[in-house]
S.K.: 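Could you have a look at this structure, given as C-alpha cells, before my questions?
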Amino acid sequence: MAALAYTLGKREINHYFSVRSAKVLALAAVLLLAGCHLASRRYRGNDSCEYLLSSGRFLGEKVWQPHSCMMHKYKYNEAKNCLVDKHIAFVGDSRIRQLFYSFVKIINPQFKEEGNKHENIPFEDKIASVKVDFLWHPEVNGSMKQCIKVWAEDSVAKPHVIVAGAATWSIKIHNGSNEALSQYKMNITSIAPLLEKLAKTSDVYWVLQDPVYEDLLSENRKMITNEKIDAYNEAAVSVLNSSTRNSKSHVKMFSVSKLIAQETIMESLDGLHLPESSRETTKVLNREQTDEWKGWMQLVILIYHISGASTFLPVYMHVRVLVAAYLFQTGYGHFSYFWVKGDFGIHRVCQVLFRLNFLVVVLCIVMDRPYQFYYFVPLVTVWFMVIYVTLALWPQIIQKKANGSCFWHFGLLLKLAFLLLCICFLAYSQGAFEKIFSLWPLSKCFELKGNVYEWWFRWRLDRYVVFHGMLFAFTYLTLQKRQILSEGKGEPLFSSKISNVLLFISVVSFLTYSIWASSCKNKAECNELHPSVSVVQILAFILIRNIPGYARSVYSSFFAWFGKISLELFTCQYHIWLAADTRGILVLIPGNPMLNIIVSTFIFVCVAHEISQITNDLAQIIIPKDNSSLLKRLACIAAFFCGLLILSSIQDKSRY
C-alpha cells in the first residue's frame with residue numbers, strides 16, 4: 001500500500017510540475033524581478049552611485065561589490081578617457097591622502113608616494129588634461145572653509161569632483177574632548193551650505209571616518225577610539241543631511257571605505273590607515289604566492305621520496321634547495337610578522353607551536369616514534385623560537401620604532417650579527433652543540449638512536465638559510481617603507497633599467513647553481529657548500545618571480561591549495577603514503593602499482609586536508625586569547641608532557 005501511494009503521489013507531482021512548468025516558473029521569476037528592479041530604479045532615481053557609495057560588501061582581493069550592481073574595473077587608458085579635461089580635488093587628512101594616491105594610481109600606476117606628506121600634492125596628466133590635487137586640511141576648521149569658499153564663489157576654477165573629510169586630527173589634538181566634538185559640529189555646519197552650493201554643479205563627496213584598530217594605535221593616537229569615530233560620523237551625517245530642508249541633500253555620503261575598513265583594519269600597520277591588502281598592490285612574496293611556492297615544492301619533495309630519487313646526487317641537491325626554501329620562508333614570514341606587528345604575546349607563540357607540533361606529537365605517542373624522526377618539524381620549531389627570542393629580547397626593535405630613527409635599524413643589524421655569530425659557533429663546535437642538546441629533557445626530543453648527531457647534521461645543513469630569510473625580510477620591509485619599491489598591480493618592482501639588470505643576474509645565477517648541482521659528484525663536499533650557496537638559487541627564484549609586475553600578481557590556485565596543507569602532507573607521508581619508515585611504499589592494492597598509487601594518494605591528500613582543518617579548529621579552542629586562561633592550560637600541558645618524559649626515561653632505563 002505504501003509503495004502504491006508513493007507511486008501515485010509521484011505521478012501526481014509529475015503531472016502538475018514538469019520540466020516545462022519549471023521553465024515557465026523561471027521565466028515568470030525573471031520578469032517579476034526585472035520589473036521590481038525597474039520600479040526600484042524609477043522610485044529611487046536613475047543614479048546608481050548611491051549603491052556604490054553606501055551599501056555593498058567587501059569580497060577581498062581588492063573587490064568591492066555594491067548592492068544591485070557590479071563595479072567596473074577601470075584600466076588606466078579607460079580612466080584617462082573618462083576623466084578628460086576634468087579636475088578632481090581631495091581635501092582632508094592622511095586618510096583622504098590614501099584615497100588620493102589610490103585614485104591617481106588608476107590613471108598612472110607609476111606615480112610614487114613621496115614628498116612631504118603634510119602638504120599639498122599636485123598631479124597632472126597633460127596628455128589627457130586630467131588634474132588631480134590633494135589639499136592638506138587635516139581639520140574641519142576655518143582653513144578648510146576658506147578653501148571651499150573660494151571654489152563656491154568662483155564658477156570657473158572649481159573642481160568637477162570634490163572628495164573631502166577629516167576628524168582624527170581633531171580627536172588627537174584635543175585629546176578626544178567633548179568640546180572638540182561640539183566645535184567640529186559647528187565648523188561642519190558653517191561649511192555645509194558651501195558644500196551644498198558646490199554640489200549643484202560639481203560632484204561632492206563627504207568621506208565618513210573609517211574605524212580604527214585600537215590595539216595597534218601608537219600612544220599619541222590612543223584617544224582615537226571607535227566610539228569617538230562614530231560620534232564624529234553621526235555629527236557629519238546629521239549636519240550634511242539636514243543642510244537643505246525642502247529637498248534631499250546633494251552632498252553624497254561616502255561610506256564605502258568605512259565598510260571596507262570594518263573587514264580589513266585588523267591588517268593595518270598602524271591601526272589608523274587602510275592596509276595595503278585593500279588597495280591595488282601586489283606585494284613581494286604575498287600570501288598566495290608563498291602558498292603556491294610551498295605547494296609545488298611539497299609535491300616535488302613527495303615525488304622525490306616515493307620515486308627513491310635520493311640516490312641521484314643532482315636530484316638530491318635540488319631537493320635540498322627546496323627544503324632550504326621552506327626554511328627561508330620561515331625566517332622571512334615570522335621576522336616580518338614580529339617586526340611589523342610588534343606582537344610578542346604568548347598567544348601568538350603558542351598558536352604557531354601548536355600548529356607546527358600537534359600532529360607530530362600525537363604520532364610520536366600513538367606510533368611510538370621519537371620526535372626527531374619527523375626531523376623537519378623540530379627544525380622549523382627550533383628556528384621559529386630562535387627568531388622569536390632574537391626579536392623579543394631587549395631591546396625590542398619593531399618597525400614602528402625603526403621608522404623614527406635609523407639608530408634602531410643599526411640596533412637590529414647588531415642583533416642579527418650576534419645571531420650569525422652564535423650560528424657559526426654552534427656549526428663549527430660539534431661538541432658544544434651536542435652537550436646542549438644532550439641535556440635532559442632536550443635529549444628526549446632531539447636524540448635519534450641514542451645520540452643527537454642526526455639532529456646536528458640536519459641543523460647544520462641549513463644553518464644560514466633562516467638568517468638569510470630574516471635579512472631579506474629586513475631589507476625588503478625597509479625598502480618598502482622608504483617607498484623605493486613599486487608594488488602596484490602590473491608594475492615592475494624597480495625602474496625598467498634596474499629590473500632588467502637584476503632579472504639578468506638572477507637568471508644567470510639560477511642556471512649557474514643548477515649546472516653546479518648537476519655536476520656535483522661528492523655528497524660530502526656538496527653538503528658542505530650547500531649552506532652558503534643555496535641562498536643564491538632561492539634569491540634568484542624570488543627575484544625572477546617578483547620583479548615583473550605580471551608574474552608577481554598571478555599565482556596557481558592548484559599549488560596554493562596544496563601549500564596550505566604542506567605541513568600535514570610532509571608529516572602524513574611517513575604513515576599513509578610511504579611505509580617501513582619511508583623506505584617502502586604503502587601497498588593497498590597488490591599487483592597493480594599504478595592503481596595502488598592513485599588510490600593511496602587520494603586517501604593521503606584527503607586525510608592531510610582533514611587533519612589541517614582539525615588542527616586549525618583545535619588551535620582556536622585549546623589556545624584561548626585570555627592570558628590567564630592560557631597560562632593555566634600551558635601549566636597543565638607542561639605537567640602532562642613532563643610526566644610522559646619521566647615515564648619514557650624510566651622505560652629506557654628498564655630496557656638496559
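Numbers here simply count residues along the sequence, with the first being 1. Atoms considered below: every heavy atom in the structure, side chains included; atoms not considered: hydrogens, waters and symmetry mates.
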S.K.: List the atom of Val452, the atom of Phe446, and the distance in Å for their closest heavy-atom pair.
M.R.: CG1-O, 3.8 Å
S.K.: Enumerate the residue pairs fulfilling side-chain hydrogen bond (donor to acceptor under 3.5 Å, both in side chains) with a member in residues 610-621, sequence neighbours excluded, ordered by first and then second residue.
M.R.: Arg355-Asn616
S.K.: Determine the minimum heavy-atom distance between Tyr326 and Gln298, stating which atoms define it.
M.R.: OH-CB, 3.0 Å
S.K.: Is it true that the side chains of Ser218 and Asn220 contain a donor and an acceptor less than 3.5 Å apart?
M.R.: yes
S.K.: Just to verify, what does Ser629 make a side chain to side chain donor-acceptor pair (under 3.5 Å) with, not counting sequence neighbours?
M.R.: Asp626
S.K.: According to the interplanar angle, ranging from 0 to 90°, do the rings of Trp169 and Trp136 count as parallel (below 30°), tilted (30 to 60°) or perpendicular (above 60°)?
M.R.: perpendicular
S.K.: Taking the side chain as every heavy atom from C-beta outward, state whether Val386 and Val466 have any pair of such atoms under 4.5 Å apart.
M.R.: no
S.K.: What pairs of residues pass the salt bridge (Lys or Arg N to Asp or Glu O under 4.0 Å) test when at least one of them lies in residues 381-398, not counting sequence neighbours?
M.R.: none
S.K.: List in chain and number order the residues that pass side-chain contact (heavy atoms from CB on, under 4.5 Å) with Leu618, two or more places apart in sequence or in another chain; answer none if no residue qualifies.
M.R.: Phe354, Phe358, Ile614, Ile622
S.K.: For Tyr388, which residues count as a side chain to side chain donor-acceptor pair (under 3.5 Å) partner, sequence neighbours excluded?
M.R.: none
S.K.: Does any N or O in the side chain of Lys564 come within less than 3.5 Å of the main-chain N or O of Gly295, such that one atom is a donor and the other an acceptor?
M.R.: no
S.K.: Is the gap between the ring centers of Trp293 and Tyr332 under 6.0 Å?
M.R.: no
S.K.: Using side-chain heavy atoms (C-beta onward) and a distance below 4.5 Å, is Leu412 in contact with Trp408?
M.R.: no
S.K.: So do the side chains of Trp455 and Val382 get within less than 4.5 Å of each other, counting heavy atoms only?
M.R.: yes
S.K.: With Cys445, which residues qualify under side-chain contact (heavy atoms from CB on, under 4.5 Å), at least two apart?
M.R.: Tyr371
S.K.: Using the ring of each side chain (for Trp, its six-membered ring), is Phe433 parallel, tilted or perpendicular to Trp459, with breaks at 30° and 60°?
M.R.: tilted
S.K.: Report the residues that fulfil side chain to side chain donor-acceptor pair (under 3.5 Å) with Ser534, sequence neighbours left out, ordered by chain and then residue number.
M.R.: none
S.K.: Quick one: side-chain contact (heavy atoms from CB on, under 4.5 Å) partners of Leu543, sequence neighbours excluded?
M.R.: Ser506, Ile547
S.K.: Identify, with sequence neighbours excluded, every residue that meets side-chain contact (heavy atoms from CB on, under 4.5 Å) alongside Leu359.
M.R.: Leu363, Glu568, Thr571, Cys572, Ile611
S.K.: Considering residues at least two apart in sequence or located in another chain, which fulfil the ring pair (Phe, Tyr, Trp, His ring centres under 6.0 Å) criterion with Phe103?
M.R.: Phe90
S.K.: Taking side-chain hydrogen bond (donor to acceptor under 3.5 Å, both in side chains) as the cut-off, I'd like each qualifying pair that reaches into residues 389-398, sequence neighbours left out, listed once.
M.R.: none
S.K.: Could you check if a side-chain atom of Tyr476 sits within less than 4.5 angstrom of a side-chain atom of Lys283, using non-hydrogen atoms only?
M.R.: yes
S.K.: What are the two closest non-hydrogen atoms of Trp456 and Leu426, and how far apart are they?
M.R.: NE1-O, 3.6 Å
S.K.: Just so I know, are the side chains of Ile229 and Ile171 near enough to count as touching, which here means a heavy-atom distance under 4.5 Å?
M.R.: yes
S.K.: Got a sec, which residues hit side chain to side chain donor-acceptor pair (under 3.5 Å) with Asp230, two or more places apart in sequence or on another chain?
M.R.: none
S.K.: Ignoring hydrogens, what is the shortest heavy-atom contact between Ile397 and Gly411? Give both atom names and the distance.
M.R.: CD1-C, 3.4 Å
